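Small disclaimer: the values here were computed from a predicted structure and weren't measured. Only this structure's heavy atoms are used, side chains among them; waters, hydrogens and symmetry mates stay out.
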Amino acid sequence: MAQDHTHDDRRKFSRNFSPRVILLIEDAPFLALNWSPSGFCILHPHGNCKVGDLLSGEIDIFDTKGKGTFAARIIRIDDEGNVAAEFTDLSSHSYMSLCMLLNAPAPVD
């Protein structure tokens, strides 16, 4: 069986790069650069966060009724300010929406 080289074997889910997820952290909106039901990456170039810090707030998913809530632990920060975080808590309807949208095509303008 051929291996899919676009999926990191350490990940439970592959990443989706479509602009469908907005995270509201301390009332500031962040568009997820990529996301999955297990976590996300956002650009936070002026953040004063570090690996291990917890983020929490609301999650707004394209085509999903109502916002959900989340908590996530920062697992990586790169030099450009990209912050990768793993969900530690996620409202159930948000989790289900992310699972259903994971392999859906990107929205068309």
For residues [X] and [Y], determine if any side-chain heavy atom of one lies less than 4.5 Å from a side-chain heavy atom of the other.
X: Val21; Y: Ile59; result: yes
X: Leu23; Y: Glu58; result: no
X: Val83; Y: Leu43; result: no
X: Trp35; Y: Ser18; result: yes

Between [X] and [Y], what is the shortest heavy-atom contact and its length?
X: Ile22; Y: Pro29; answer: CG2-CB, 4.0 Å
X: Ala72; Y: Ala85; answer: CB-CB, 3.8 Å
X: Thr64; Y: His93; answer: CG2-CD2, 4.0 Å
X: Cys41; Y: Asn82; answer: SG-CB, 3.9 Å
X: His44; Y: Cys49; answer: CD2-SG, 4.3 Å

Practice item. Look at the side chain of Thr69 and the backbone N and O of Gly57, then say whether any donor-acceptor pair between them is shorter than 3.5 Å. Key: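 Flag not set: sc Thr69 to bb Gly57 has no pair under 3.5 Å.
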So, taking the atom named [atom1] in [X] and the one named [atom2] in [Y], what distance separates them when rounded to the nearest 0.5 Å?
X: Ser56; Y: Phe87; atom1: OG; atom2: CZ; result: 12.0 Å
X: Ser97; Y: Arg20; atom1: OG; atom2: CZ; result: 11.0 Å
X: Leu54; Y: Arg73; atom1: CG; atom2: CZ; result: 8.5 Å
X: Asp53; Y: Leu55; atom1: CG; atom2: CG; result: 7.0 Å
X: Asp60; Y: Leu24; atom1: CG; atom2: CG; result: 6.5 Å
X: Leu98; Y: Leu90; atom1: CG; atom2: CG; result: 6.0 Å

Exercise for review: Classify the side-chain pair Ser91/Ser94 by whether it contains a donor and acceptor separated by less than 3.5 Å.
Suggested key: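 Side chains of Ser91 and Ser94: pair found under 3.5 Å.
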Practice item. Report yes or no: do Leu101 and Met96 belong to one cluster of Ile/Leu/Val/Met/Phe/Trp/Tyr joined by side chain heavy-atom distances under 4.5 Å? Key: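 Leu101 and Met96: one cluster.
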Check your understanding: Would Leu33 end up clustered with Ile77 when hydrophobic side chains under 4.5 Å apart are linked, directly or stepwise?
Key ->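 Cluster IDs for Leu33 and Ile77 differ.
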Check your understanding: If you count the non-hydrogen atoms of other residues, nucleotides and ligands that lie under 6.0 Å from CG in Asp78, is the total more than 12?
Key ->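 Enclosed.
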Exercise for review: Mind telling me whether Phe40 and Phe70 have parallel, tilted or perpendicular rings, with 30° and 60° as the class edges?
Suggested key: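 The rings of Phe70 and Phe40 stand perpendicular, inter-plane angle above 60°.
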